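What follows is a short report on a single structure.
Here is the naming used below: chain letters follow the sequence lines, and residue numbers restart at 1 for every chain. All values derive from a computational prediction rather than experimental measurement.
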There are 2 protein chains.
Amino acid sequence: MGQTEATPEQFAAYFALMEAGALLQQMVEQQLRQEGDLSYVQFRLLTRLADAADSSVRMTDLADGLVHSRSGLTYQADLLERNGLIVRSPSPDDERSVTVAITEAGREVLARVRPGHIALVAKELFGPLNEQDVAAMADVLTRVRDHLRTVPRPPTTRRRTAKK
Amino acid sequence: MGQTEATPEQFAAYFALMEAGALLQQMVEQQLRQEGDLSYVQFRLLTRLADAADSSVRMTDLADGLVHSRSGLTYQADLLERNGLIVRSPSPDDERSVTVAITEAGREVLARVRPGHIALVAKELFGPLNEQDVAAMADVLTRVRDHLRTVPRPPTTRRRTAKK
DNA sequence: TATTGTTATACTCTATAACTATA
DNA sequence: TATAGTTATAGAGTATAACAATA
């Protein structure tokens, strides 16, 4: 980018978002790897399972927002299952489906990782911010995220429903 | 994360930042790939070169913030050079160094990609925001980014200076 | 015929360590 | 001895397409 359109404030906001997001993700990724041998994606998958009503979800539903091709999800599930953090079993209702559930070991990893995770975010993300800043950030970025979610994204996980 | 510490506002801000950053990067990445066959990292490398005073920089300096191991930079430089977007030549002063410069073709790719890039960001990032929002976002995220930059990151590009 | 999930395969990117050559 | 950059190699992750089983 360079000269056409866009105010200096906009450039500042755009670049800051991209870089802050990238830096924060790196740090989080490193913390999760060190303290729980998890990637961020794996952490989010486990979290989603832990938060699920009955701790179990179908593969397809599990993938949803997490930018995964179906095979990518299978790959991650293989890793998590190999480490005993999740279990897959055939769905009772639909024989084609696979139900995924977090195990006790999976919950333990989440519990083990949580304190460091919260401490990291508190220090490195919120360290330089006051309450008002946090409120403003939550407000603006929530709207941005919600908007970005609506933007039609290519392929991803969910299979193109019959493309004429 | 779950119960210990941290306010709901903080959770909202943290998750929104992570997700908004990830979604925006995906979209940008896709736009750059489609319109210029560039990854975001390559785009940033080219931009840095284009912005450099004399359009040329040493390999080591080029890598700086861009999360690259030395070999990773060489890999990207190989790709960019193969496509004629940059040129490497031995440095005049230090025979060990390599000077990298953007080519005319490289500038053309940047020019070709820029309009779509700006349009995308204007629409998808700033679409749901007013001027005040942008100002607040720039203010807060700039501080966050500057703080995150100061956090000691592991290895990266620059070689560990003699670790006793 | 459409959907769920897996597999086979290839490709991109990154990192480590060894290596060359200069300083 | 330290630095600049490359290379060889291996590993993580992702995607596409073909596939089997079920709806």
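- At the heavy-atom level, Ser97(A) lies under 4.0 Å from the strands shown only through sugar-phosphate atoms.
- The side chain of Asp94(B) sits closest to dT22(C) out of dG13(D), dT6(D), dT22(C).
- One atom, OH of Tyr75(A), and another, C1' of dT16(D), lie 17 Å apart when rounded to the nearest Å.
- Rounded to whole Å, the distance from CG on Leu66(A) to C1' on dG13(D) is 15 Å.
- Rounding to whole angstrom units, CG of residue Leu80(B) and P of dT6(D) are separated by 12 Å.
- For the pair Glu29(A) (side chain) and Tyr40(A) (backbone), a donor-acceptor distance under 3.5 Å is present.
- Side chain of Ser69(A), nearest nucleotide from dA15(D), dT6(C), dG13(D): dA15(D).
- The shortest distance between the side-chain N/O atoms of Arg96(B) and the OP1/OP2 oxygens of dT20(C) is not below 4.0 Å.
- Note: CG (Leu73(A)) to P (dT16(D)) measures 15 Å, nearest angstrom.
- There is a path of hydrophobic side-chain contacts, each under 4.5 Å, that joins Val41(B) to Leu46(B).
- One finds no salt bridge joining Asp146(B) and Arg143(B) here, because no Lys/Arg side-chain nitrogen approaches an Asp/Glu carboxylate oxygen to under 4.0 Å.
- Sequence order on DNA chain D of the closest nucleotides to Ser39(A) and Asp93(A) puts Ser39(A) first from the 5' end.
- Gln42(A) has its CD atom 11 Å from the P atom of dA12(D), to the nearest Å.
- Residue Leu62(A) contributes atom CG, which lies 11 Å from atom P of dT6(C) at whole-angstrom precision.
- Transitive grouping of hydrophobic side chains (ILVMFWY, heavy atoms separated by less than 4.5 Å) keeps Val87(A) and Val57(A) in distinct clusters.
- Comparing dA17(D), dG13(D), dT6(D) by their nearest atom to the side chain of Gln76(A) picks out dG13(D).
- Contacts of Ser91(A) with the nucleic acid, taken as non-hydrogen atoms under 4.0 Å apart, are absent.
- Atom-to-atom, CZ of Arg33(A) to P of dT14(C) comes out at 16 Å; the value is rounded to the nearest Å.
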> Passes salt bridge (charged side-chain N to carboxylate O under 4.0 Å, His left out), Asp78(B) versus Arg88(B)? Steps please.
Replying inline: CA-CA 9 Å; Asp78(B) 284 347; Arg88(B) 276 177 289 192; 2.6 Å; yes
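- Residue Arg70(B) places no side-chain N or O under 4.0 Å from the OP1 or OP2 atom of dA15(C).
- Position along DNA chain C of the nearest nucleotide to Leu79(B) versus Ser71(B) favours Leu79(B) as the more 5'-ward residue.
- Relative to the side chain of Thr74(B), the nucleotides dT22(C), dT14(C), dT6(D) differ in distance, and dT6(D) lies closest.
- Nearer to the 5' terminus of DNA chain D, by closest-nucleotide assignment, is the contact made by Gly72(A) (compared with the other of Glu95(A) and Gly72(A)).
- Put simply, CZ on Arg58(A) is 12 Å from P on dT3(C), counting in whole angstrom units.
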